[in-house]
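One structure is given below, encoded as structure tokens.
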Amino acid sequence: TYSIVERRTAGEFAYAITTDIDRLDPRAEAWGRYFPRQFNTYAQMADTTFRSKYLGSQRRDLLDVNPRMVILFAGYGFSRDYNLSRGHYYSVQDVRETLRTGAPMKAGDGPQPATCWTCKSPDVVRLIDDMGAGEFYSLMLSDTGHEIANPINCASCHEAEDMSLKIALPALAETFARMGQDVSGFSHQQMRSLTCAQCHVEYYFGENNYLIFPWDEGMTAEDMARYFDKRGFADWIHPLSKAPMIKAQHPDYEVFTTGIHYQRGVSCADCHMPYKTEGGMKFTDHKIQSPLNNIAAACQTCHRQSEAELIRNVYDRQDMIYEIRTKLEDVLVKTHLEAEFAWKLGATEEQMSEALHLIRHAQWRWDYAAATHGGSFHAPLELARTIGNGLDLAHEARRKITAVLVELGHTGDVPLPDVSTKEKAQKYIGIDLEQLEANKERFLVEIVPEWLRLTAERQQRWDEQRRDPDHEGSYIQ
Amino acid sequence: TYSIVERRTAGEFAYAITTDIDRLDPRAEAWGRYFPRQFNTYAQMADTTFRSKYLGSQRRDLLDVNPRMVILFAGYGFSRDYNLSRGHYYSVQDVRETLRTGAPMKAGDGPQPATCWTCKSPDVVRLIDDMGAGEFYSLMLSDTGHEIANPINCASCHEAEDMSLKIALPALAETFARMGQDVSGFSHQQMRSLTCAQCHVEYYFGENNYLIFPWDEGMTAEDMARYFDKRGFADWIHPLSKAPMIKAQHPDYEVFTTGIHYQRGVSCADCHMPYKTEGGMKFTDHKIQSPLNNIAAACQTCHRQSEAELIRNVYDRQDMIYEIRTKLEDVLVKTHLEAEFAWKLGATEEQMSEALHLIRHAQWRWDYAAATHGGSFHAPLELARTIGNGLDLAHEARRKITAVLVELGHTGDVPLPDVSTKEKAQKYIGIDLEQLEANKERFLVEIVPEWLRLTAERQQRWDEQRRDPDHEGSYIQ
Amino acid sequence: MAGAFTGLAAYALVVSNAVSYLSDNPATCVNCHVMGPQYATWFHSSHREHATCNDCHVPQDNIIKHYVFKAQDGLRHATIFTLNTTPDPIIMHEAGQRAVQANCQRCHDHTNQHVTSGKISYDQVQKGEGRLCWDCHRDVPHGTVRSTASVPHARIPIPQSPMPEWLRTITNR
Ligand SMILES: [Ca+2]
Ligand SMILES: [Ca+2]
């Protein structure tokens, strides 16, 4: 028979298991040995068959689905290749395979810095522990390819001692510190979302490709736009319109905090890692995926509606957001192309400057809504508000460009190119996809196997050191 | 006085009461005699002190709060006078007092038909029972002023026999019948919203001012716009832009059905007429008002959050909708004024026709969102979607007009009048407010008292007949 | 004076059945019809077979606390009921929530032993450090709507009237 007093102390020892896991061990298997339920569900992420109306784990070519993005991202990596994510299990592999990382045939080659690895692997935790964040970020992706091998896993979120949640990567803690908050003060409950906020957030590369989250002014689209404006920051100059653009990357956490679930204390883990019962025991399901593949545990503990109705709720919200988001995309595409036309007619920087500033802001708002894949459900109203403002700005930009055209003597419609498919659009902006794919193929065949060989060697050495009774200190170095 | 003893059993003999109420009796007091709790709460609607951030029972001059509406409604009654509603208790009085009904000094005078009374008084139920709906609608408001005296009350929603809910007015039943549905088949739970849908819906006047709800194609803004387009219907021609406009009036029910509360089976009465306990008796609170004046009963039966948090939830949604709605208003105002300028420069109907069609549709979407006062909470996302589409259309309209101006040889900004206050805007569109108010004053002093005298006589006759043991049949005729 | 007061208090206790608080039979809770919705929802829940009202609503860790809590709570409910100031909707107080949370954990300790949800106390929840069991299990056991609106036609055991038949006939006329 239980007494509450006894039970509460018992609870505290739950995971005070002594393991020999090194906190820097980046291999899921090394941790998984002690936690078979969590490991097994984690491993289920290898399965990428699930597909919902807009999302899921199947890789989908988003540029093919929506060729407008090719024009919007012209001049930037995302116009080459942009896929729907497949899940944590594939994080490293996807970085190697995307055309955005090009084909660096030797250490030091571009186009991307090592910073890209940051959110893809706990090997990064190990390297940063060793060399410091600044040093790591200042390397190239190709410099570190042989060091980064394990996809996101246990060491990304857990302390080895007691399996409590932790912020393993520096950027989030640095950001909060700038804002006067100490991550170590956050409660366990908050950590159930903050571990995700290490990566599922908008970021940019500062000096020497230092990873920064631009939250100093706040987390809405307007707040972050102000942050970038103040610093005169641009990710790239759009080759068609010549507007100084800002890229939004997955502001999932930021958008989520404006939604009703966050406001009611629901955390990311509640829906994406709900409890599961096996033999009457609860544990956290580590198959992180679309909750629509697991409605019973992810939603129905809190909502008694049928699966069909809950799915409809999600699709309804997504449909509404996509409807107005697409309107905004259409205007933006035309505006870039008409701006290009104005330059061709000899527009001056002075004539164009207002319009370009408006394009920057309109597209930023669009991207804030588009880049957060779950946002259409996490906080649909905030996205609708942001898109509404984006529509207003984009039309205003287009209006300004029309006025410039009139000044330049052009009236009536602007002749627009046919950019209605991924192929046509990429051709128009001068992307030679075949060439890029051929280079990538060479890289994957010639370079990556060498990276994997070095990794295998390294990891084998660790295991030997771990088994070696004479070895002192950490078996990882 | 109650005792514990009584209250324990009070619940048992609730409403198997036989009354002598005539089903057509339009007086709350006549019904209230038997139902003191409902009557007393009903009578509390006389109090109009409550005011929330945007709504409440205080009369507020919406044209003063938002002068853009003067321009948007130019040429239509709403540009003269538009107030925030005060509640059912004032329905008849408000119709008499609004400048929209002018100053009809004798029977038959305009501007408004008797149809306006429909949603304002159960006296209408009585008259329609007598003369039929078509006949009633074809009269003028002034023809029937002496017949309409009692504000919305019991007979608007209840059967006299057993106090069950009923659809007392014809328009809703006719609308459902056209769509192949029979109102008598609706469940009690549905009636808890449908009694409100008798009035809180978009309507228009068909032939001979027949009251119609335009739902045949569906209830979204797009569906109803299609309905009106098919019929080539316009409420009025805008005097500035000359666009054929459609007025949206309070599509509360329509918008509500797209929101999560409706989808989860919550009805209007749940929030606006929550249960109340008095002496252990649960009864329906008949003080119909903003739920923010009664959070405990209206929200906390279902939500465990604090009052402050629930209010914040409502205001957050309203703020977001108002933010983008205002953007849309700004564009619409400019578009009307620029269209006016184009006409002045000699634009042709052909040049303008596309733009005018776009204005009609953009403003309809705006109005659909603006006219439903509760909609920003009832279904914020649907309104944001609708406003987003409105923004796209309005900017497109403005763009077309700019193109016409260029064709007419005008480039650069259009000189716009200062319409930034209610006074300035009304002056610009030629409204002589003082004159209208003076006429109204004469009407209220000279005509209305006579109407009230006739009413008193009539109602006294009823009471005499009711008390007369020899009188046969209904005491009302 | 004091005697009269004691007498009145005793009368109120008897008539309002406050003594029934000492029993564990759920029907005794419904002695007050204001408890009707809770009874009806519990009656249709999976817990009917396993847990009575008191299994959840009264501390079970210590026999003295158990009865002190019952007496305090029972007195407050009886008083409020008698004074006719029942809040609508009724919402659990802090002490009540603390007890219920502990009771959920008491029975479901095994299930929750390896996850943090099993270790969260009411006080931690107040500090934002976790959630109550019924923040997730929102329907356990009373459903999400706490008013008669949720169960308008629920059948609950109607309490025996303490009024003599003849008095009732007269009062009801
Ligand atoms: Ca960025
Ligand atoms: Ca209308």
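Per chain, numbering begins at 1; letters A, B, ... match sequence-line order.
- Of all the listed residues (L328(B), V331(B), N313(B), T258(B)), the one sharing the greatest number of non-hydrogen pairs under 4.5 Å with chain A is N313(B).
- Counting only heavy atoms from C-beta outward, the side chains of R304(A) and R264(B) never approach each other to under 4.5 Å.
- Between atom CD1 of residue I387(A) and atom CD1 of residue I387(B) there is a gap of 13.5 Å, rounded to the nearest 0.5 Å.
- Contacts of E407(A) with chain B are absent, with no heavy-atom separation under 4.5 Å from either backbone or side chain.
- Taking M320(B), R399(B), K327(B) one by one and counting their heavy-atom pairs under 4.5 Å with chain A, the maximum is reached by R399(B).
- For D413(B), the CG atom counts as loosely surrounded, since its 6.0 Å shell holds 12 or fewer non-hydrogen atoms of other residues, nucleotides or ligands.
- Per-residue counts of heavy-atom pairs under 4.5 Å with chain B were compared for D330(A), N389(A), T411(A); the largest is that of N389(A).
- Of the listed residues (Q263(B), R312(B), Q305(B)), the greatest number of heavy-atom pairs within a distance under 4.5 Å of chain A belongs to Q305(B).
- Exactly one of I321(B), D316(B), L383(B) qualifies for a side-chain contact (heavy atoms from CB on, under 4.5 Å) with L381(A). That residue is I321(B).
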Quiz prompt | Intermediate values then yes/no, side chain to side chain contact (heavy atoms under 4.5 Å, CB included), D319(A) and R385(B) | solution = CA-CA 10 Å; D319(A) 287 345; R385(B) 184 190 72 80; over 6 Å; no

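- In this structure, chain B has a heavy atom under 4.5 Å from the side chain of E309(A), while its backbone stays farther away.
- Taking CD1 of I324(A) as the start and CD1 of I324(B) as the end, the distance is 7.0 Å to the nearest 0.5 Å.
- Around atom CD of E354(B), no more than 12 heavy atoms belonging to other residues, nucleotides or ligands sit under 6.0 Å away.
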